[in-house]
Amino acid sequence: MRTGGRILVDALVGHGVDTAYCVPGESYLAVLDALYQVRDTLRLIVCRQEGGAAHMAEAHAKLTGEPGICFVTRGPGSTNASIAIHTARQDSTPLIVFVGQVGRDATSREAWQEIDYRHMFGHIAKWVDQVDDARRLPEFISRAFHVATSGRPGPVVLALPEDMLTDLVDVTDAPRYRRSSAAPAPDAMDALLRELETAERPLLVLGGGGWTREASDDITAFAHRFDLPVACAFRRQDLIDNHDDHYIGEAGLGMDPRIAQRIRDADLVIAVGARLGETSTQGYALLEVPRPHQRLVHVHPDPSELGHVYHADVPVNAAMPAFARAARALAPRQPVPWSAWTRAARADQLQYIEPPASMPGEVDLGLVMVHLRDTLPADTIVSNGAGNYTLWVQRFWRYRGLRTQLAPTSGTMGYGLPAAIAAKLVHPERTALCFAGDGCFLMSGQELATAVQYQLDVLIIVVNNGMYGSIRMHQERHYPGNVWGTALTNPDFAALARSYGAHGATVTRTAEFPEALQRARAAGGPALIELQVSGEALSPKLTVAALRAQG
């Protein structure tokens with residue numbers, strides 16, 4: 001006989017879970033007690049806000065390929081966690097969020113902090129349910145793992161009535177889940193080969209979730225064999241080593257206009273894993289809806305995504321590992337005619353990652369990025385949230401392969417620090433580098449306490465320009481001169497870091513950064529460097545003055 005809480009925790013251990021993230025709540029005390037009993041097997045990371053906890057679990061899943069696990073309490077706990085559930089949905093990340101719920105005897109009375117989670121998360125999550133019978137916990141949890149990882153990966157939410165968790169029942173555990181996935185049909189691969197044989201300007205676009213190291217290696221070998229230029233969808237730049245001669249850059253926010261033009265000029269687009277969403281198509285303009293003028297091979301693990309927006313000439317329902325393995329087995333029957341097209345695209349990429357001659361103000365963020373990429377280890381894991389500061393990261397950093405980038409395609413602010421904490425927990429031997437804007441950092445900055453508590457030497461760079469930069473840019477573009485609601489008054493970020501027990505430093509001139517970085521890396525714990533940059537610079541290629549001049 002076991003409590004529902006113990007059955008749940010035993011199920012997690014049985015499915016291979018070794019880390020869970022939480023903010024504690026009285027609604028699932030029985031689970032916390034069960035987690036205490038397995039504390040030597042399953043590590044519990046206690047966070048400071050449910051959004052941070054759930055984002056850590058989501059980043060953990062990105063890094064491991066296994067579902068991230070998060071526990072939050074009812075009502076406010078679940079609404080705080082909803083930001084990461086949305087991130088997991090748009091980023092195709094396997095995530096399981098367990099939410100404490102009111103007792104079954106109070107259901108539907110609007111009891112204290114009661115929410116109907118099926119309605120709340122029904123559109124965001126892949127599956128939402130409530131476990132009312134402790135004897136069914138093994139069944140529900142097994143299904144949660146299978147749903148989260150099957151097809152297009154995504155989030156699952158399970159509500160746990162607190163009295164169910166204390167019920168004593170006798171039930172058999174389910175076996176460890178087994179991932180299922182679709183494989184490409186032989187005729188689809190034949191059709192892909194025929195498309196390549198008639199193409200003159202092909203382009204391979206990588207994106208989405210469900211990638212493995214083997215899949216990344218296989219798709220790179222496919223690109224090499226056919227000498228294909230490879231663009232990565234928004235915040236999926238680590239799907240191929242950026243030093244590879246076939247990588248031509250990111251098709252996302254702030255993309256090189258030459259990449260956008262190449263997408264327009266391509267006669268064949270092979271989209272593997274990418275949904276071809278708004279950011280990667282510049283508002284669905286680079287490929288016409290529903291029938292692009294380019295020939296389109298669209299590979300996606302979710303059959304409902306194929307034909308959802310774009311009509312593909314060759315739709316392929318397949319998981320990334322299976323498709324990449326099959327693509328690697330293909331070979332051209334004659335020399336490809338587009339090598340000059342690929343070389344030109346690569347030359348543009350190498351030119352684009354060199355920073356412009358100067359940036360307004362005393363701190364040049366482009367030169368900071370160059371110093372970081374020349375100094376930090378190749379396997380550094382880089383995380384960031386959202387804001388115009390990310391345009392420097394995405395343009396000038398060179399990702400060295402799968403799972404070196406943690407960034408939300410959903411454009412979630414506050415993601416960078418929780419993700420860096422998860423990165424350091426999963427890979428303690430690697431450098432975890434977080435970029436955050438001043439507005440972005442203060443949406444989850446309290447998780448610096450989590451990094452200190454668990455002695456995680458994450459490196460945080462706060463880009464402080466005293467404003468919500470991306471909103472200011474749009475404001476200047478559409479309502480020039482009417483600056484309102486975007487200015488920020490900030491704390492001394494370095495002093496704030498020191499108050500948490502972390503290392504803190506402030507950089508006001510570019511020349512100060514190398515020494516500040518060296519000291520931060522030697523600090524032996526969490527370290528934060530505040531860069532005080534000019535609010536005049538809106539992006540690597542746009543200033544306030546230039547934008548006003550355009551108007």
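This is a predicted model, so every value here is computed, not measured. We use all heavy atoms of the structure for the numbers below, so side chains are in, but hydrogens, waters and symmetry mates are not.
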Would you call [X]-[Y] a salt bridge at under 4.0 Å N-O?
X: Glu214; Y: Arg328; value: no
X: Asp173; Y: Arg2; value: yes
X: Arg43; Y: Asp18; value: no
X: Arg400; Y: Asp241; value: yes
X: Asp91; Y: Lys62; value: yes

How long is the span from the [atom1] atom in [X] to the [atom2] atom in [Y], to the nearest 0.5 Å?
X: Leu376; Y: Leu517; atom1: CG; atom2: CG; answer: 5.5 Å
X: Asp302; Y: Ser92; atom1: CG; atom2: OG; answer: 8.5 Å
X: Phe145; Y: Arg176; atom1: CZ; atom2: CZ; answer: 8.5 Å
X: Arg143; Y: Leu158; atom1: CZ; atom2: CG; answer: 9.0 Å
X: Arg39; Y: Leu42; atom1: CZ; atom2: CG; answer: 12.5 Å
X: Leu95; Y: Glu58; atom1: CG; atom2: CD; answer: 7.0 Å

Exam field: side chain Asn464 to backbone Glu530, donor-acceptor pair closer than 3.5 Å: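 Not a single qualifying donor-acceptor pair exists.
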
Phe234 backbone acceptor or donor facing Ser280 side chain under 3.5 Å: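 Yes, because the side chain of Ser280 sits within donor-acceptor range (under 3.5 Å) of the backbone of Phe234.
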
Between [X] and [Y], a side-chain donor and acceptor under 3.5 Å:
X: Tyr21; Y: His60; value: yes
X: Arg6; Y: Gln37; value: no
X: Arg179; Y: Tyr177; value: yes
X: Thr412; Y: Thr87; value: yes
X: Glu305; Y: Tyr310; value: no
X: Glu447; Y: Ser444; value: no

Test of ring centre spacing under 6.0 Å for Tyr28 and Phe71: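 Yes; Phe71 has its ring centre under 6.0 Å from that of Tyr28.
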
Arg135 CZ: over 12 foreign heavy atoms closer than 6.0 Å: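 No, CZ of Arg135 has 12 or fewer neighbouring heavy atoms, counting only those of other groups under 6.0 Å.
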
Closest non-hydrogen atom pair, Leu406 against Ala423: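 Minimum heavy-atom contact is CD1-CB, 4.0 Å.
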
Smallest separation among heavy atoms of Pro408 and Gly385, with atom names: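 In this case the closest contact between Pro408 and Gly385 is CD-O, 4.0 Å.
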
Thr19 and Ile45: CA distance, side-chain angles, deciding distance, side-chain contact (heavy atoms from CB on, under 4.5 Å) verdict: CA-CA 7 Å; Thr19 305; Ile45 304 300; 4.0 Å; yes

Heavy-atom check, side chain of [X] versus side chain of [Y], under 4.5 Å:
X: Leu459; Y: Leu528; value: no
X: Leu417; Y: Ile460; value: yes
X: Thr3; Y: Leu165; value: no

Plane angle bin for Tyr117 and Phe121 - parallel if under 30°, tilted between 30 and 60°, otherwise perpendicular: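 Plane angle under 30°, so parallel.
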
From CA spacing to verdict: side chain to side chain donor-acceptor pair (under 3.5 Å), Glu162, Ser27: CA-CA 5 Å; Glu162 59 181 311; Ser27 60; over 6 Å; no

Gln405/Arg235 under side chain to side chain donor-acceptor pair (under 3.5 Å): CA gap, chis, key distance, verdict: CA-CA 8 Å; Gln405 181 180 30; Arg235 294 181 170 172; over 6 Å; no

